[in-house]
Amino acid sequence: MLGTGLLQGLAVTAKNLVGSFHDPERYVTMEYPEVKTKLPENYRNFPFLVHDDPKDPLGSLRCVACTICETECPPQCIYIVMDRDEKGKALKRPKVFDIDISVCMSCQICVEVCPFDAIKMDQHYEIAETNRFQGLLLSREQLSKSNAYYHQLHPTEAAAVDALLAEQKAKQAAAKAAKAAPAAKPPAPAAPAANPPPPPAPSAEAPKPPTPPAP
Amino acid sequence: MSLPGQLSVLFPLASGLGASSPLAAVLPASDSALERLPLTLRGLLTGWLPASWQWLANSLIAIVVLIVAFASLFALLTLAERKILGRVQNRPGPNRAPLPFLNLRTYGLAQPVADGVKMLTKEDIVPDGADRVLHFLAPIALLAFSILTLAVIPYGRLLVALDLDASVLFFFAAGAATELAVFMAGWASRNKYSLLAAMRALAQLISYELPLLLSVVPVVLMAGSLSTSVIVERQGEWWLGFLPRWYVFTPWGLAGFLVFFVASLAESNRSPFDLPEAESELIAGHLTEYSGFKYALFFMAEYFGMCALCGMAVTLFLGGWQAPLPFLSFIPSYLWFAGKLLALLGVFMWIRASFPRLRIDQLTRLAWKFLVPLALINLGTTAFWSLTADWAGLLQPLRWLIAAGLIAGPFLLLGRNLSKGLGPRTYRYAA
Amino acid sequence: MESLEQIRERLLARFPDAALTVIANPGPAGQPSLLVGSPHAASIAAFLRDDPALRLDYCSNVTGVDWPDREVVETIKRTVPPPPPAAPADPSAPPVTPKVIEEKVKRHIPGYFEVVYHLYSMALKHGPVILRTRTADRTDPASLPSLTPIWRACEFQEREVYDLFGIRFTGHPDLRRILMWDEFKDYPMRKDYVEPDDYEWEPTPHGAVLDKARRHYPAPPESR
Amino acid sequence: MTSPAAPSSFPSGLPSSPGAHVRAVHDDFHGDLLEVSMGPHHPSTHGVFRMIVTLDGERIVRLKPVFGYLHRNHEKLGEQTTYLASMPYTDRLDYLNSMTNNWAYAIAVEKLAGQAVPERAEYVRVILAELTRLLNHTCLAGFLLQDTGCSGTPLMYAFREREKILDLFESLSGSRMMCNFQRFGGCRLDPTPEWLAAVRQLVDGYGRFLDEFEALISGNEIVMARTQGTGVLTPALAISAGVTGPMLRATGVDYDLRKVDGYGVYPRFEFRVPLGAHGDTYDRYMIRILEMRESIQILRQALRDLPAGPILDPKAKNRGFRPKPGEAYGRIEGPKGEIGFYLISDGSPNPFRYRVRPPSFVNLTILEDMCLGQTVADAVIILGSIDIVLGEVDR
């Protein structure tokens, strides 16, 4: 009969009108600045650099300025300059590490390709800026965040990374010890001590390259 | 009708001189003080004036009170509409605007103030090459005609600004002119969307004026008067001592009410008949080139028109200011009217939240092929009802049955014809 | 579905003077394609659509490819017969394997434009058959027959190829630019397309782009 | 438009729509016609899309779609970046369905490089693809009804449910819409049991939402009056025009790549393909609703059978990925139709040719044919029922 479908529709809207007052399943609105959703652990928004020593945030960056992320970055928003001493020897740390977050699309590829677990994804999303041109160009100082901060954002992932790094450190130490006693046995085929730690084995999260390329 | 009576229709000024003017009338002392409150207040304000001046002062007061009351109702309605729409859609609706200077959020009650300030401070843009005069006049004309329609609705016992003998005619005459204003707006804007909207508005006007009027004719016939006050008075009796004898509770009245309701949705450009401002295809229709205060006037006039049509529906079918049950009569009549009006407005909003929009050809088809025949048949049903008024005893249920059949049969047949070829479908699946 | 070779045979039987080449696909996907000469492209396409065994009624994808002039260094393996054994064959010695010499040959392939059609059959649910048409060279105006009269699906896609590669499709009913604006002159998907040098100033840290930006805007718009 | 008017008819022998006779009528016959440029800034063109509509009264006698306002030469970008770096760009094609875009691209690259995918990853991909289908069809139903003038109610209901799916995507991939989740040879991350439980909960509740939505809409006389019999597409024209997805199936053509190609692990699931009979707007809407119900069935089975194992093939290589020279065309059944990627490799880290076969772009071909003889109001709904996303049309 003409009109039954209309009445059915009116019943649905009436149900929702009433339901929005008592049913949290229906009333899903959150009043944003006062109430904020709990971000999931995996949430990602713009990268940051991890440093290990809160007292020396720039000196203890894990980044070795290898520029892998710079080349892999799809929108090309990362810019890195290696720090060098007077003789021009590479110091394995960035002198300039800029990320233009007006270009960055938070794709996480830099995190995936980084063999040193040096760059991770932030969760800071209230980034409105009044300065269109310089305000969104983040420098190394702004990007450097502590490992504790990383733990706070992604506890599970950070724990895994820490375990991995500790394992590498132990291996490195073992290699060093082996090198220190060359008489006892021929030098281990491990990487020279001066080299950065070997990359972790490919994990489920992000496959890592077998060797870190030369900077 | 006597000569002075006719004069009073043509020249309202003349009616003020007669003793029969409703503005000069006094409620019987048997009514409660609350019921007499509006008239008492008016008496306090103008009672000291000489009789010839009193009429003028009373008229001015009536105009001011009407405009102020409906303007604040408009403010409230915009908020209520957004709130209801929000709640139906599982969101809170406007709830942030703080009260001015207080920074107190009171469930968005200050939203109309904020909206008003925004509207008033916006730049008034007139398109290059538009007809500036018509562009300016359109909102004013629309508002003027809307306010005129408000004048003849009895808001309570003896609370009517203009008690004409032919107030129903006056109402529809003024109401029809509002569409002219929409056409003016659409034409003057020099915008293709506006022009399309104007054409739609005219088609809609012509289509829906007819069922609207036809659905009122039975009421006029049964009440025997074109005066809204008399029509309300006629609905003031009780059936079996406690059931209200509003016209909506008779078969012909129900059918008439439904036709009137649907037609008034269309007349007030409300969803699902809001074709002149169909935002999904015509941006904002005739309002596309309006901004600032003119836009606000349009908006206001639209709500005034909606209130007027709802008020008329209440008056004609829902017993006007009459209480629904005898023992509830202690509540003043104007409050009953306000309650019924708000409820009907709520249904308007509920419908807006639920239904999509019709297409223009479907809209006119609904009017010509469904509402007009139904209203005409309803006229016959009314005749039957009036002829069998003396049927009693066992004949009474028979009378009801026949009348209901006279309504339901055509409704089903016309409805089937209207929705021919449409219907739920079953789907097959690939093997 | 028949193999591409079989289809080619049948097509040759029907259109004896048509130029038809099967182009192998060296990759793991292994989808070879059929290169069709321009004069017969439309009639061959109609045949493929209407042939009861093929019924390729659905043209899924139309692509332009720009192959610029290139030098291909091909490694050709040549077997050099082993020198005759100086000493009598020693049964214990390993058998002398023929020596393989790798020679590098440079070959110049002149550039051309190519349009690739991926055809499937919705009626028989098989596919793909990949058709290719090629221009002789990369000179403007490049022109190829349109298959829009055969498959309506080509209408917008061929317009896109025209828009981005500059290949004119003869027989297309409505060949206009589709993604770029009408006044645009160049064809941006060509390999030799040079980007216009009119960047808006942006705070990019990258040298090349920054240089370009500096050329147009010596100072940033609002340096603070 | 500065360009000369397009020829008004297609070559004979081409299947044409029922409205084709209108196209043939010369404009002089109609007298004064009204040309309205709907868009690019219009409330219901689903983005920056423009239709140049010629009207005789309210009837459409000509309609030319104009787009490209969002054109950023996605394919050139794909040729200038590495294979991996194109993955996040595919998110931005059809920004409602980043998961299926990712999958289509991954399938094309896996074909190109001969990369195997572990079983668990295939199941996870199916789960994500079907969630995306739910997401897309829910949004579409909401948008479509918004176009009919519903004051936002169905749209808000649809978005309420869509948010739940987006929340799932966010907790898995880290982003709501730009998921960038698939990799060549698997997925980026392994879903946790909690996440799978959340999916199960959503799947269980989705049928109820669909019921309520249908009660509001499917039987509504106004919706039926607006959508039944408008924008009719014939099967012959649909096939010829390469229309795919729910739009094609609404005309009654049985062509679902999940059945035809049987990619991934789809042959292992039991599901039906709903087919329309009229090819009108209502069918296009209902087919999507019915497909959602089938998606729920697929999700239930996939969640039940999800095997353990690695999520990414151990041999998979993302950085420094250089497939052998060759070409491949990979396609899947996206929610909007066949989304395909055509890649030519010349052995370098970047594809030599990177081509997207966008379903909404191809489906737009027959917009004019469906709109001829209908009214302006119908054109808006017909456009809505095609289900376009301008990010994909313009690329």
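Please read all numbers here as calculations on a predicted model, not as lab measurements. All values below come from the heavy atoms of this structure, side chains included, with hydrogens, waters and symmetry mates left out. Naming convention: chains lettered A, B, ... in sequence-line order (proteins, then strands); numbering from 1 in each chain.
Against chain C, the residues from residues 386-395 of chain D that qualify, each with a non-hydrogen atom under 4.5 angstrom away, are D:Val393, D:Asp394, D:Arg395 in number order. Residues of residues 110-119 of chain C lying within less than 4.5 angstrom of chain D, judged on heavy atoms, are C:Val116, C:His118 in numerical order. Of all residues spanning residues 322-329 of chain D, those with a heavy atom less than 4.5 Å away from chain C's heavy atoms are D:Pro325, D:Gly326, D:Glu327, D:Ala328, D:Tyr329, arranged by number.
In this structure the side chain of C:Trp151 never reaches within 4.5 angstrom of the side chain of D:Ile239, judged on heavy atoms. Inter-residue side-chain proximity for D:Arg357 and C:Ser60 is flagged as met; some heavy-atom pair is nearer than 4.5 Å.
Residue C:Ile178 holds its CD1 atom at 4.0 Å from CZ of D:Phe361, rounded to the nearest 0.5 Å. In this structure, the separation between OH on D:Tyr342 and CG on C:Asn61 is 8.0 Å, given to the nearest 0.5 Å.
Your options are D:Val356, D:Asp254, D:Asp261, D:Val243, and the one with the most heavy-atom pairs under 4.5 Å with chain C is D:Asp254. Taking C:Ile130, C:Leu164, C:Val62, C:Asp163 one by one and counting their heavy-atom pairs under 4.5 Å with chain D, the maximum is reached by C:Val62. Of the residues considered (C:Met189, C:Lys125, C:Gln31), C:Met189 shows the highest number of contacts with chain D, using heavy-atom pairs under 4.5 Å.
C:Arg70 does not touch chain D: none of its heavy atoms, backbone or side chain, sits under 4.5 Å away. Of the atoms belonging to D:Ala113, it is backbone heavy atoms, and not side-chain ones, that fall under 4.5 Å from chain C. For chain D, the nearby part of C:Asn25 is the side chain; its heavy atoms alone come within less than 4.5 Å. Heavy-atom distances place no part of D:Ser345 under 4.5 Å from chain C, backbone and side chain included. Interface residue D:Glu79: only side-chain heavy atoms are found under 4.5 Å from chain C. Residue D:Leu70 does not touch chain C at all, counting heavy-atom pairs closer than 4.5 Å.
Panel note: side chain D:Lys76, backbone C:Arg190; a donor-acceptor pair is recorded below 3.5 Å. Panel note: side chain D:Thr365, backbone C:Phe156; no donor-acceptor pair is recorded below 3.5 Å.
Heavy-atom minimum distance, C:Ser121 versus D:Tyr255: O-CE1, 3.8 Å.
In this view, C:Arg168 satisfies the salt bridge (Lys or Arg N to Asp or Glu O under 4.0 Å) rule with no residue, not counting sequence neighbours.
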- Message: Quick one, C:Tyr58 with D:Leu248, criterion side-chain contact (heavy atoms from CB on, under 4.5 Å). Give me CA distance, side-chain angles, the key distance, then yes/no.
- Response: CA-CA 12 Å; C:Tyr58 166 42; D:Leu248 175 72; over 6 Å; no
- Go through the steps for C:Trp67 and D:Ile344 under the test side-chain contact (heavy atoms from CB on, under 4.5 Å), then give the verdict. CA-CA 11 Å; C:Trp67 296 95; D:Ile344 300 180; 3.9 Å; yes
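No salt bridge links C:Asp66 with D:Arg353; every basic N to acidic carboxylate O contact stays at or beyond 4.0 Å.
No side-chain donor-acceptor contact under 3.5 Å links C:Tyr120 and D:Glu338.
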